[in-house]
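Below is one structure, written out as structure tokens; the observations come after it.
For the single chain, residues carry numbers from 1 onward in sequence order.
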Amino acid sequence: MGVESEFFNDFFDEIKLRFYGASWVELHPFNIVAVKEGVYVNLLSIENSFTSQQLISLQTLYAQSGILLVHLWEDVWKQKKSQVLSRINSFCGLNQTLHARKAKITIVDATQAKNFLTEHHLQGFSKAKFHLGLTMGGELKAVGSFSSSRPMKSKGEHYKSAELVRFATHGGFTIVGGLSKLIKSFLQEININDLMTYADRDWSVGRGYDKLGFHLTATTPPVEFLVDTSNMSRYYAHRLPKKILTNFEAQNVLNLDEFLAQNGLVKTFNTGNLKYHLYTNV
């Protein structure tokens, strides 16, 4: 299968080292690995003929049988291998368990948050107004990033909302009650009517937010990306790097799609997000 098989085999070899009994359960048209009972991974090469709705329907079908199906894209695996394996370990209950009641809440500066989230979050760092951490023995074990409060006049004259932008624990650890503790600390300082967040549908069906009392309020549509096959960097299709656009404008032969394809940028997508709100009853 060429380059495609390198990705599939690399993932399967890594998983077999960690999970005895991991097996292929489907090889056509999907490439699905059963990591452990209840946790399956659908491997997706950058160039494929699937639609986002096919992937959403497939995940829903497995969920009806009590199986979490993760959609793992080739570029994500090659760029974030350690984070992917850490997330799968968490799903399979292999992380070391810590308890939030033993953790100290600390204010984390932007540099600390960036370093921590780049290392431990699949989507890396994103700018936010507030960063709170959980430390144990002086070591940072989790970070939650929150936006500032925003007026939502469509919901009322004085209605305010904020966003949970990122949450990650140190690789190899699960902190029971960790996110809940960070949220409670944030809400004690910021007076808002709701806290909003997103769950990546490639990786989640939102069960964690359900348990915390969040309400599913919307689903966002799939987003199109472009992946540079030379280094597996992913870009939003509507937010290409200036260098790429400058090079495109400098030539006057190819249209944008032709230019991108000729320069190794391949169109791909995700399955969108689940949008959640936690209402504070303020």
Side-chain angles (χ1 to χ4, degrees), residues 68 83 87 90-91 98-136 140-170 173-223 236 270-282:
L68 170 64
Q83 293 89 336
R87 190 84 183 270
S90 176
F91 291 151
L98 304 175
H99 295 276
R101 65 178 181 273
K102 298 181 179 180
K104 178 183 178 182
I105 291 180
T106 58
I107 295 174
V108 178
D109 65 36
T111 300
Q112 286 178 294
K114 184 174 183 178
N115 291 338
F116 187 92
L117 291 169
T118 298
E119 183 175 356
H120 300 294
H121 196 286
L122 266 174
Q123 296 175 334
F125 174 75
S126 183
K127 287 184 180 180
K129 179 70 173 178
F130 306 100
H131 306 285
L132 298 177
L134 293 176
T135 60
M136 292 185 179
L140 190 61
K141 294 296 187 184
V143 168
S145 297
F146 302 83
S147 74
S148 57
S149 64
R150 305 160 181 163
M152 305 289 287
K153 292 185 179 179
S154 62
K155 295 186 176 182
E157 186 178 354
H158 303 293
Y159 195 101
K160 290 185 178 181
S161 178
E163 180 180 352
L164 168 62
V165 180
R166 289 283 190 270
F167 171 72
T169 60
H170 192 288
F173 294 93
T174 293
I175 304 179
V176 178
L179 178 55
S180 178
K181 184 167 183 172
L182 290 175
I183 289 173
K184 286 178 182 177
S185 177
F186 176 72
L187 294 178
Q188 287 171 359
E189 300 297 325
I190 305 296
N191 187 31
I192 54 175
N193 299 92
D194 74 55
L195 181 68
M196 182 272 289
T197 196
Y198 294 100
D200 180 355
R201 292 185 80 176
D202 280 354
W203 281 86
S204 173
V205 291
R207 291 173 187 159
Y209 292 123
D210 292 333
K211 291 178 181 177
L212 288 173
F214 281 78
H215 298 270
L216 178 63
T217 54
T219 58
T220 66
V223 175
Y236 285 106
N270 66 13
T271 52
N273 295 296
L274 302 172
K275 188 176 184 178
Y276 281 90
H277 282 85
L278 177 68
Y279 298 102
T280 65
N281 298 316
V282 169

* What about His215 and Tyr276, are their ring centers closer than 6.0 Å? -> no

* Please confirm whether Phe214 and Tyr209 have ring centers closer than 6.0 angstrom. => yes

Which heavy atom of [X] sits nearest to which heavy atom of [Y], and what is that distance?
X      : Y      : result
His170 : His120 : CD2-NE2, 3.6 Å
Leu117 : Ser145 : CD1-OG, 3.6 Å
His131 : Ser126 : CE1-O, 4.4 Å
Pro222 : Asn270 : CB-O, 3.0 Å
Ala142 : Ile175 : CB-CD1, 3.8 Å
Ile192 : Ser161 : CG2-C, 4.2 Å

Does the [X] side chain pair with the main chain of [Y], one donor and one acceptor, at a distance under 3.5 Å?
X      : Y      : value
Asp202 : Thr271 : yes
Glu163 : Leu195 : no
Arg87  : Leu122 : no
Glu119 : Gln83  : no
Thr220 : Asn273 : yes
Lys181 : Ala100 : yes
Ser148 : Lys129 : no

Measure the shortest side-chain to side-chain distance between [X] and [Y] over non-hydrogen atoms and say whether it is less than 4.5 angstrom.
X      : Y      : answer
Lys160 : Met152 : no
Lys141 : Thr169 : no
Leu132 : Phe186 : yes
Ile107 : Phe130 : no
Val143 : Phe167 : no
Ser149 : Asn191 : no

* Asked: Say you draw a straight line from CG of Leu278 to CE of Met196; how long is it, rounded to the nearest 0.5 Å?
  -> 12.5 Å

* **Residues Asp194, Lys155: salt bridge by 4.0 Å N-O rule** => yes

* To do: Return each pair, listed once, that meets side-chain hydrogen bond (donor to acceptor under 3.5 Å, both in side chains) where at least one residue sits in residues 101-117; pairs must be two or more places apart or across chains.
  => none

* To do: Is it possible for you to check whether Lys275 lies under 6.0 Å from the centre of the six-membered ring of Tyr198, through NZ or CZ, and within 45° of that ring's axis?
  => no

* **Donor on one side chain, acceptor on other, Asn193 and Thr280, under 3.5 Å** => no

* side-chain contact (heavy atoms from CB on, under 4.5 Å) assessment of Val165 paired with Lys127 -> CA-CA 8 Å; Val165 180; Lys127 287 184 180 180; over 6 Å; no

* Leu164/Leu179 under side-chain contact (heavy atoms from CB on, under 4.5 Å): CA gap, chis, key distance, verdict -> CA-CA 10 Å; Leu164 168 62; Leu179 178 55; 3.9 Å; yes

* Go through Val108 and Phe116 one step at a time and tell me if the side-chain contact (heavy atoms from CB on, under 4.5 Å) criterion holds. => CA-CA 10 Å; Val108 178; Phe116 187 92; over 6 Å; no

